[in-house]
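We use all heavy atoms of the structure for the numbers below, so side chains are in, but hydrogens, waters and symmetry mates are not.
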Amino acid sequence: MANIDSHSVLTGDHVILEPLSIDHVAALSLASADGNLWELWFTSIPHPDEMKAYVEKALQQEKQGESLAFVVRDKTSGEIIGCTRICHWDQPNRRLEIGYTWYAKRAQRTSANTETKLLLLDYAFNTLDVMAVEFRTHWHNQASRQAIMRLGAKQDGVLRNHKILKDGTVRDTVVYSIIDTEWTTVQKHLKHRLDYYRQQYANAMLNTEINY
């Protein structure tokens with residue numbers, strides 16, 4: 001994947017996206033164990049015993065110019081809570097996909113995914129100068145589909161019989177996208193969502209102090 005700085009670190013108020021390395025295997029294994037994420041049949045999240053091979057494959061794809069992988073670190077606790085990738089970058093047509101995203105159960109439905117996507121979308125549109133960013137997920141992964149739509153992405157369609165999964169089932173893939181002319185509005189929307197999370201956190205802390 002030419003012209004990408006493979007050492008880029010993307011920093012937000014809640015999370016830090018760091019380039020994936022083999023040193024992250026143990027921390028990612030702990031993250032996937034939070035919620036036994038590999039048991040979700042419609043995802044490809046690895047079992048902790050498979051994490052080293054998962055990371056090695058991601059790094060190999062990065063060397064081949066196929067993707068750019070990050071771990072997601074919680075800025076407050078310092079813990080690795082998941083991972084994500086920029087992938088399938090079609091440079092002539094200025095398109096790419098954000099995918100392979102998963103989080104420890106404790107980080108789901110928090111500010112983590114919102115800010116992760118804000119950082120990656122900003123990088124895609126303003127640094128890589130793409131005109132469309134895709135998101136793809138399994139038809140039966142309702143949580144993922146809802147999360148993608150909450151970002152402000154629009155459904156493009158469904159790829160029927162798209163992939164044969166390792167358990168032998170066939171995946172229908174739902175495709176969503178955000179295009180460059182929508183980015184300003186989507187960015188404003190995501191920042192508003194982050195402000196909401198900040199307010200919720202502040203209210204929770206205030207209630208804790210009052211109760212104490």
**Q** Can you see which heavy atom on A107 is nearest to which on I81, and at what distance?
**A** CB-CD1, 3.8 Å
**Q** What's the spacing between E115 CD and L120 CG if we round to 0.5 Å?
**A** 10.5 Å
**Q** State whether the number of non-hydrogen atoms from other residues, nucleotides or ligands found under 6.0 Å of I22 atom CD1 is greater than 12.
**A** yes
**Q** Hey, are K105 and D34 close enough for a salt bridge, meaning a charged N less than 4.0 Å from a carboxylate O?
**A** no
**Q** State, yes or no, whether a side-chain contact exists between R171 and L159 at a heavy-atom distance under 4.5 Å.
**A** no
**Q** At their closest point, which heavy atom of M51 faces which heavy atom of L28, and how far apart are they?
**A** CE-O, 3.5 Å
**Q** To the nearest 0.5 angstrom, please state how far the CG atom of L190 sits from the CD1 atom of I178.
**A** 7.0 Å
**Q** Does Y123 belong to the same Ile/Leu/Val/Met/Phe/Trp/Tyr cluster as V133, with side-chain heavy atoms less than 4.5 Å apart forming each link?
**A** yes
**Q** Apply ring-ring contact (aromatic ring centres under 6.0 Å, His included) to F125 and list each qualifying residue two or more places apart in sequence or on a separate chain.
**A** W183
**Q** Going by distance alone, is a donor N or O of one side chain under 3.5 Å from an acceptor N or O of the other, for N113 and T116?
**A** no
**Q** Where do W89 and R95 come nearest, in terms of heavy atoms and distance?
**A** CD1-O, 3.0 Å
**Q** Out of curiosity, does L151 fall in the hydrophobic cluster containing L128 (side-chain heavy atoms, cut-off under 4.5 Å, transitive links)?
**A** yes
**Q** Determine which pairs satisfy ring pair (Phe, Tyr, Trp, His ring centres under 6.0 Å) with at least one residue from residues 136-172, sequence neighbours left out, and list them in order.
**A** W41-H138, W41-H140, H138-H140
**Q** Charged N to carboxylate O under 4.0 angstrom, E18 versus R73?
**A** yes
**Q** Exactly one of R145, E134, K154 should register a side-chain hydrogen bond (donor to acceptor under 3.5 Å, both in side chains) with Y176. Which one does?
**A** R145
**Q** Does the salt bridge (Lys or Arg N to Asp or Glu O under 4.0 Å) test come out yes or no for K57 and E62, once each step is laid out?
**A** CA-CA 9 Å; K57 183 176 181 180; E62 189 171 300; over 6 Å; no
**Q** I'd like to know if the side chain of N36 reaches the main chain of E39, judged simply by a donor and an acceptor atom lying under 3.5 Å from each other, with no hydrogens or angles considered.
**A** no
**Q** Look up atom NZ in K188 and atom NE2 in H192, then write down how far apart they are to the nearest 0.5 Å.
**A** 9.5 Å
**Q** Hey, does L96 have a side-chain heavy atom less than 4.5 Å from the side chain of D90?
**A** no
**Q** Any heavy-atom pair between the side chains of I80 and H24 that's under 4.5 Å?
**A** yes
**Q** Taking all heavy atoms of G152 and all of V186, pick out the closest pair and write down the distance.
**A** O-CG2, 4.2 Å
**Q** Could you go through T173 and V158, starting from their C-alpha distance and side-chain angles, then the distance that decides it, and tell me whether this counts as side chain to side chain contact (heavy atoms under 4.5 Å, CB included)?
**A** CA-CA 6 Å; T173 298; V158 181; over 6 Å; no
**Q** When you check the gap from the basic side-chain N to the acidic O, do R160 and D172 get nearer than 4.0 Å?
**A** yes
**Q** From S8 OG over to F70 CZ, what is the distance, rounded to the nearest 0.5 angstrom?
**A** 6.0 Å
**Q** Run the side chain to side chain contact (heavy atoms under 4.5 Å, CB included) test on K163 and V170 for me, step by step, so that the C-alpha distance in whole Å, both residues' side-chain angles and the decisive distance to 0.1 Å come before the verdict.
**A** CA-CA 6 Å; K163 288 183 178 181; V170 179; over 6 Å; no
**Q** Using the rule that Ile, Leu, Val, Met, Phe, Trp and Tyr join whenever any side-chain heavy atoms are under 4.5 Å apart, tell me whether L68 and Y100 fall into a single cluster.
**A** no
**Q** Does S32 use its side chain to pair, donor to acceptor, with the backbone of S29 at less than 3.5 Å?
**A** yes
**Q** Given the rule that I, L, V, M, F, W and Y join up when any side-chain heavy atoms are under 4.5 Å apart, are I86 and L20 in one cluster?
**A** no
**Q** Mind checking whether Q108 and L37 have side chains closer than 4.5 Å, heavy atoms only?
**A** yes
**Q** At their closest point, which heavy atom of G12 faces which heavy atom of K75, and how far apart are they?
**A** O-NZ, 2.8 Å
**Q** After noting the C-alpha distance and the side-chain angles of D180 and V130, does the key distance pass the side chain to side chain contact (heavy atoms under 4.5 Å, CB included) rule?
**A** CA-CA 7 Å; D180 53 357; V130 300; over 6 Å; no
**Q** For side chain to side chain contact (heavy atoms under 4.5 Å, CB included), just list the numbers for Q155 and V175, CA-CA rounded to whole Å, side-chain angles, deciding distance to a tenth of an Å, and then say yes or no.
**A** CA-CA 6 Å; Q155 183 174 319; V175 184; over 6 Å; no
**Q** Please round to the nearest 0.5 Å and tell me the distance separating atom CG of L121 and atom CD of Q187.
**A** 9.0 Å
**Q** Is the backbone of A124 close enough, under 3.5 Å, to the side chain of T127 for a donor and an acceptor to pair up by distance?
**A** no
**Q** Is a side-chain N or O of Q61 found less than 3.5 angstrom from the main chain of A58, in a donor-acceptor match?
**A** no
**Q** Nearest 0.5 angstrom please: M149 CE to F135 CZ, how far?
**A** 13.0 Å
**Q** Any idea which heavy atoms bring A112 and Y103 closest together, and the distance?
**A** O-OH, 4.1 Å
**Q** Can E50 and K52 be said to form a salt bridge (Lys or Arg N to Asp or Glu O under 4.0 Å), step by step?
**A** CA-CA 6 Å; E50 303 171 332; K52 185 172 184 291; over 6 Å; no
**Q** According to side chain to side chain donor-acceptor pair (under 3.5 Å), who are the partners of T84, at least two apart in sequence or on a separate chain?
**A** T101
**Q** Taking the side chain as everything from C-beta on, heavy atoms only, tell me whether L119 gets closer than 4.5 Å to V15.
**A** yes
**Q** Are L30 and I16 linked, directly or through other ILVMFWY residues, by side chains that come within less than 4.5 angstrom of each other?
**A** no
**Q** Taking the cut-offs as 6.0 angstrom to the six-membered ring centre and 45 degrees off its axis, would you call R85 and Y54 a cation-pi pair?
**A** yes
